[in-house]
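Everything below concerns the one structure shown next.
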Number of protein chains: 2
Amino acid sequence: MSNSKLYKGSLNTIILKLLNEQDKMYGYEITQKVKALTKGELNITEGALYPALHKLEAEGLLDVEVAKVDNRLRKYYKLTETGTKETANKLNELAEYIKTMQALVSPKLA
Amino acid sequence: MSNSKLYKGSLNTIILKLLNEQDKMYGYEITQKVKALTKGELNITEGALYPALHKLEAEGLLDVEVAKVDNRLRKYYKLTETGTKETANKLNELAEYIKTMQALVSPKLA
DNA sequence: ATATATACATAATTTTCTTATGCATAATTT
DNA sequence: AAATTATGCATAAGAAAATTATGTATATAT
């Protein structure tokens with residue numbers, strides 16, 4: 001995924017946020033989109049991505065829809081209503097995390 | 001540690017940064033300092049902290065010095081030279097992580 | 001006397017990721 | 001034509017980092 005361990009725990013947030021923007025995406029598309037958006041910084045591995053998608057689906061945050069394009073399989077994922085709410089939560093948590101970490105590493109007023 | 005999973009992977013960064021400021025600290029002190037700095041947001045658990053300190057010591061990033069205060073044991077940790085360098089790396093990685101995540105969740109120019 | 005705070009530690013389990021495979025089709029390169 | 005790379009899914013074994021649950025011990029507050 002990256003040389004830094006900090007990305008641990010942020011995969012779900014990334015997936016949900018992308019699906020919040022793009023409406024529907026398939027797995028491989030997510031890996032490519034993340035690579036592009038981060039200029040190669042972040043490479044989501046398949047071993048992390050697919051189990052994560054399956055779990056989000058099992059939890060009712062994602063719906064899946066199978067399609068066949070160019071004789072190849074694609075599984076399109078999209079947010080459920082619950083998934084949309086959870087996306088908002090995750091983004092708040094990320095903002096909170098960043099604020100907290102900045103307070104810890106640059107404690108200007110502490 | 002927190003309701004958010006995002007803190008996974010950031011414990012070492014937190015420990016190293018605190019020791020970079022405070023010169024030397026003992027485990028319990030670290031948990032209290034973090035709680036105070038984050039206004040209760042982040043509570044480092046002992047099961048996470050002590051193994052982490054032992055590992056950082058084993059890797060040569062921390063030196064330990066045992067003291068007895070009020071008849072109670074304290075293990076003071078401080079950065080080694082290598083530890084100081086690694087602290088700088090970790091802080092760069094954190095800044096990089098925050099930048100990357102912001103590019104992912106608020107892709108203004110994408 | 002009892003509970004809370006201080007101070008360390010480890011073991012079992014869970015979560016999340018990496019690494020290694022595996023299958024299959026399409027497109028590109030040699 | 002053959003081989004490689006890209007597209008697209010999936011899972012299993014193992015590692016890493018945390019949670020949760022204990023355990024020991026002293027000091028302080030109720």
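Numbers restart at 1 for each chain; the letters A, B, ... are given by sequence-line order, proteins then strands.
An OP1 or OP2 oxygen of C:dA9 is reached within less than 4.0 angstrom by a side-chain nitrogen or oxygen of B:Lys75. Within the 4.0 Å cut-off from OP1 or OP2 of D:dC9, not a single side-chain nitrogen or oxygen of A:Tyr28 is found. Contact annotation: B:Arg72 reaches the phosphate of C:dA7 (side-chain N/O to OP1 or OP2, under 4.0 Å). OP1 or OP2 of C:dT15 has not a single side-chain nitrogen or oxygen of B:Lys5 nearer than 4.0 Å.
With rounding to the nearest 0.5 angstrom, the OH atom of A:Tyr26 is 8.5 Å from the CZ atom of A:Arg72. Taking OH of B:Tyr97 as the reference point, atom CG of A:Leu42 lies at 9.0 Å (rounded to 0.5 Å). Here NZ of A:Lys90 is found 15.0 Å from NZ of A:Lys17. Values are rounded to the nearest 0.5 Å. Interatomic distance, CD of A:Glu65 versus OH of A:Tyr77, reported as 11.5 Å (0.5 Å rounding).
Listed by first residue number, the stems of DNA chain C with at least three Watson-Crick or G-U pairs below 3.5 Å are C:1-30 with D:1-30.
A heavy-atom distance below 4.5 Å is not found between the side chains of B:Thr87 and B:Leu19. B:Met101 is listed as a side-chain neighbour of B:Leu104, based on a closest heavy-atom distance under 4.5 Å. For the pair B:Ile30 and B:Leu49, the minimum side-chain heavy-atom distance is below 4.5 Å. Side-chain atoms of A:Lys33 and A:Met25, non-hydrogen and from C-beta on, do get closer than 4.5 Å to each other.
If you take CG of A:Leu49 and C1' of C:dT16, they are 13 Å apart, rounded to a whole angstrom. Going from atom CE of A:Met1 over to atom C1' of C:dT16 covers 10 Å, rounded to whole Å. The CG-P distance, from B:Leu11 to D:dT19, rounds to 8 Å in whole Å. If you measure from atom CG of A:Leu53 to atom P of C:dC17, you get 12 Å, rounded to the nearest angstrom. We find that CG of A:Asn12 is positioned 11 Å from C1' of C:dT15, with the value rounded to whole Å. Taking atom CD1 on A:Ile44 and atom C1' on D:dC9, their separation rounds to 17 Å, with Å as the unit. Spacing between atom NZ of B:Lys8 and atom P of D:dA15 amounts to 18 Å, rounded to whole angstrom units. The OH-P distance, from A:Tyr7 to D:dA18, rounds to 17 Å in whole Å.
Residue pairs meeting the salt bridge (Lys or Arg N to Asp or Glu O under 4.0 Å) criterion with at least one partner in residues 50-59 of chain B, sequence neighbours excluded, are B:Lys55-B:Glu59. Listed by first and then second residue, the ring-ring contact (aromatic ring centres under 6.0 Å, His included) pairs that reach into residues 31-59 of chain B come to none, sequence neighbours excluded.
Both A:Gly9 and A:Asp70 lie close to DNA chain C; mapped to their nearest nucleotides by heavy-atom distance, the more 5′-ward contact belongs to A:Gly9. Where A:Ser2 and A:Asn71 meet DNA chain C, the nucleotide closest to each residue was compared, and A:Ser2 sits on the side nearer the 5' end.
Residues from residues 59-69 of chain A lying near DNA chain D, meaning a heavy-atom separation below 4.0 Å, are absent.
Partners of B:Ser2 under the side chain to side chain contact (heavy atoms under 4.5 Å, CB included) rule, at least two apart in sequence or in another chain, are B:Ser4, B:Tyr7.
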Protein and nucleotides 10-13 of chain C: nitrogen or oxygen contacts under 3.5 angstrom:
unit_1 : atom_1 : unit_2  : atom_2 : d
C:dT10 : OP2    : B:His54 : ND1    : 3.4

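Linking Ile, Leu, Val, Met, Phe, Trp and Tyr residues whenever their side-chain heavy atoms come within less than 4.5 Å places A:Leu18 and A:Val64 in a single cluster.
Ranking C:dT18, D:dT20, C:dT16 by closeness to the A:Thr45 side chain, first place goes to C:dT18.
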